[in-house]
Structure formats: structure tokens, C-alpha cells
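First up is the structure itself, then whatever we jot down about it.
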Amino acid sequence: MPFPPSPWHLTGDMVVSLWRVPADDLPSWPLPHGVRPWVVRRRATLLTFWVDYRPGGVLAYREFLIALAVRHGRGLAGSTVAAWVDDERSLAGGRALWGIPKEQGVIALGPDGRGELTADGIPPVRVTYRDMLRLPFRLPARAHLVQRLPDGTECRVPMRISGRPALGRSRVTTGAGVRGQLLDGSAGRQSGVAPGASAALSVLVRHRPLLSLAVRDFRGTVGR
């Protein structure tokens with residue numbers, strides 16, 4: 001599947017949520033060599049992203065992504081542990097260029113702050129978001145992901161973004177289970193879903209986000 005070369009210039013809207021979860025709840029995700037979860041007071045940090053990439057960038061698609069905050073060298077970074085997109089070019093490019101473990105899904109994101117992901121092997125995942133305080137300026141930010149490519153080598157993925165922020169409240173609900181149990185009572189993960197993705201959803205269902213932020217009309221660059 002052909003995909004744009006790196007970097008990708010993208011535009012759209014997103015909702016970002018920050019989760020603080022007990023470090024003991026983290027699965028053994030296959031992080032790059034030397035990368036470890038960022039743990040403070042026995043709690044790790046997860047970030048979830050619901051993103052509507054709009055026309056005007058190199059690709060237009062929707063995405064739900066879960067990243068773990070990690071120690072990378074002397075600094076902090078993110079490492080994607082699960083992601084779903086509704087575009088085959090984004091899926092192929094994310095895996096090949098940067099080692100992002102994207103899966104195929106159907107994602108609906110509405111202007112009312114509601115969204116839903118459906119994909120093979122997992123129950124539906126839903127989000128609700130509501131603005132609490134809109135900020136009257138554009139906010140620039142820089143960060144980077146660190147991923148493991150299929151050959152085992154490390155890949156550093158720089159990201160730059162600028163958009164109109166708003167503080168808000170969100171909630172993510174899913175039928176994914178607790179400690180390997182699905183909510184319908186059946187044991188184990190469902191077939192057809194990557195173990196890392198199933199484990200990430202299992203962590204989310206047990207907690208609520210500490211902080212949520214909408215970034216509208218953003219312009220961003222992924223890669224270099």
C-alpha cells in the first residue's frame with residue numbers, strides 16, 4: 001500500500017487525555033531497548049488521542065492511539081502501545097516508517113464530542129468529551145515518540161503541533177475486560193486483536209482520565 005514519505009504534515013482536531021495508573025497494572029509491552037516506563041510515586045502515565053485528520057494534510061483519516069510515557073535517555077518521550085486508524089495508507093506508513101503498531105478500525109468522531117471505535121477482535125470503544133474552558137491563543141508543542149521497528153532497532157519520531165486548546169472533561173468506555181476477562185464473562189483476549197492492544201484497553205477500563213484537552217484546528221508534523 002503506497003503511503004506518503006516522512007515527514008507527514010497533518011491538520012485537524014484532537015482530544016488528548018492523560019491517565020495516571022498504578023505501575024503494577026502495566027502489561028509487559030515490547031518497548032525499545034533501554035526504554036522504560038516513567039513512574040512517579042508508583043504510578044505510570046498513559047496518553048490517549050482521538051484525532052480527526054482533515055483534508056489539507058498529506059492524509060485525511062481518523063485515529064485512536066494509546067501511548068505510554070517513558071524514560072528515553074535523560075529525557076521523557078512517548079511510546080505507542082496501541083493504535084487504530086480507518087485508512088490503509090496511514091496503517092502501512094505508520095508501521096513501516098516509525099514502527100507504530102497501527103490496526104485497522106472504523107472510527108466515528110462527531111462535532112458533539114462523541115466518538116466510537118469498532119474493530120475486529122475488540123468490543124466497541126466510546127469517548128465523550130465536553131469543553132470546560134477555551135483558551136484564547138494557539139498553543140505550540142513539541143514531543144517525540146520512541147518505537148521499535150520490526151527488525152528490533154529503535155526509531156525516534158519527532159512531532160510538532162500548534163492548535164487552539166480547550167480544557168475539558170472526557171470519559172472512555174469499553175467492553176474490554178479486567179485481568180483477562182471480557183465483560184461478557186468469557187476468558188482471555190478475543191482472537192484477531194494484537195496482545196498489546198487488548199492489554200491497553202484492559203488498563204483503560206479500570207481507570208478514568210486525570211486531565212483532558214481538546215486541540216482544534218491544529219497543524220502538525222510527524223517525522224523528519
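- Inter-residue side-chain proximity for P124 and T174 is flagged as unmet; no heavy-atom pair is nearer than 4.5 Å.
- For CD of E88, the number of neighbouring non-hydrogen atoms (other residues, nucleotides, ligands) closer than 6.0 Å is 12 at most.
- Here R62 does not pair with E116 in a salt bridge; the nearest charged N to carboxylate O distance is not below 4.0 Å.
- A60 and D87 get closest at one heavy-atom pair: O-OD1, 4.4 Å.
- The cluster map of Ile, Leu, Val, Met, Phe, Trp and Tyr, joined by side-chain heavy atoms under 4.5 Å apart, puts V51 and L18 in the same cluster.
- Residues P22 and H207 meet the side-chain proximity criterion, which asks for heavy atoms closer than 4.5 Å.
- The aromatic rings of W50 and F64 sit parallel, their planes meeting at an angle under 30°, below the 60° perpendicular limit.
- Taken to the nearest 0.5 Å, the SG atom of C155 stands 13.0 Å off from the CZ atom of R148.
- Shown here for S17 and P209, the closest heavy-atom pair between the two residues is CB-CB, 3.8 Å.
- To the nearest 0.5 Å, atom CZ of residue R206 and atom CG of residue D25 are 4.5 Å apart.
- Side chain to side chain, T221 and W8 fail the donor-acceptor criterion of an N or O pair below 3.5 Å.
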message: Applying side chain to side chain contact (heavy atoms under 4.5 Å, CB included) to R171 and R208, what does each step give before you reach the verdict?
response: CA-CA 7 Å; R171 184 175 182 183; R208 291 192 177 188; 3.2 Å; yes
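- Smallest separation of non-hydrogen atoms from W84 and I107: O-CD1, 3.5 Å.
- The cluster map of Ile, Leu, Val, Met, Phe, Trp and Tyr, joined by side-chain heavy atoms under 4.5 Å apart, puts V205 and L65 in different clusters.
- Pairing each heavy atom of A44 with each of L26, the nearest pair is CB-CD1, 3.5 Å.
- In terms of heavy atoms, Y61 sits closest to L10 at OH-CD1, 4.3 Å.
- Transitive grouping of hydrophobic side chains (ILVMFWY, heavy atoms separated by less than 4.5 Å) keeps M159 and V70 in distinct clusters.
- With hydrophobic clusters built from ILVMFWY side chains whose heavy atoms lie under 4.5 angstrom apart, L31 does not share a cluster with L145.
- F3 CZ to L59 CG: the interatomic distance, rounded to the nearest 0.5 Å, is 10.5 Å.
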message: Run R138 and D217 through side chain to side chain contact (heavy atoms under 4.5 Å, CB included) and show every step you take.
response: CA-CA 9 Å; R138 291 187 69 86; D217 188 29; 3.5 Å; yes
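- Using a 4.5 Å cut-off on side-chain heavy atoms (C-beta onward), L204 and W19 make contact.
- Between L213 atom CG and M14 atom CE the span is 9.5 Å, to the nearest 0.5 Å.
- Here side chain to side chain donor-acceptor pair (under 3.5 Å) pairs that include residues 34-43, with residues two or more places apart or in two chains, number zero.
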message: Apply side chain to side chain contact (heavy atoms under 4.5 Å, CB included) to residues S90 and Y53 and explain how you reach the verdict.
response: CA-CA 11 Å; S90 172; Y53 295 107; over 6 Å; no
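- Looking at heavy atoms from C-beta onward, L68 lies in side-chain contact with W29 at the 4.5 angstrom threshold.
- Side-chain N or O atoms of S79 include one that pairs as donor or acceptor with a backbone N or O of V146 at under 3.5 Å.
- Residues I122 and L117 are in side-chain contact: their nearest non-hydrogen atoms beyond the backbone lie under 4.5 Å apart.
- Residues R20 and T45 have side chains that bring a donor and an acceptor to within less than 3.5 angstrom of each other.
- The side-chain heavy atoms of L139 and V215, taken from C-beta on, include no pair separated by under 4.5 Å.
- The shortest distance between side-chain heavy atoms of R114 and R126 does not fall below 4.5 Å.
- Side-chain contact between Q104 and L91: present, with at least one pair of heavy atoms (C-beta onward) separated by less than 4.5 Å.
- Closest approach of T11 to G57, counting heavy atoms only: CG2-N, 3.7 Å.
- V106 and V85 are members of different hydrophobic clusters when ILVMFWY side chains are connected at heavy-atom separations under 4.5 Å.
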field: H9 vs R219, side chain to side chain contact (heavy atoms under 4.5 Å, CB included): CA-CA, chis, key distance, verdict
entry: CA-CA 7 Å; H9 301 288; R219 296 186 295 271; over 6 Å; no
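- Every residue two or more places apart in sequence or in another chain that forms a salt bridge (charged side-chain N to carboxylate O under 4.0 Å, His left out) with R54 is listed here: D13, D52.
- For CZ of R95, the number of neighbouring non-hydrogen atoms (other residues, nucleotides, ligands) closer than 6.0 Å is greater than 12.
- Taking CG of D120 as the reference point, atom CD of E103 lies at 9.5 Å (rounded to 0.5 Å).
- Every residue meeting the salt bridge (charged side-chain N to carboxylate O under 4.0 Å, His left out) condition with R216, not counting sequence neighbours, appears here in chain and number order: D131.
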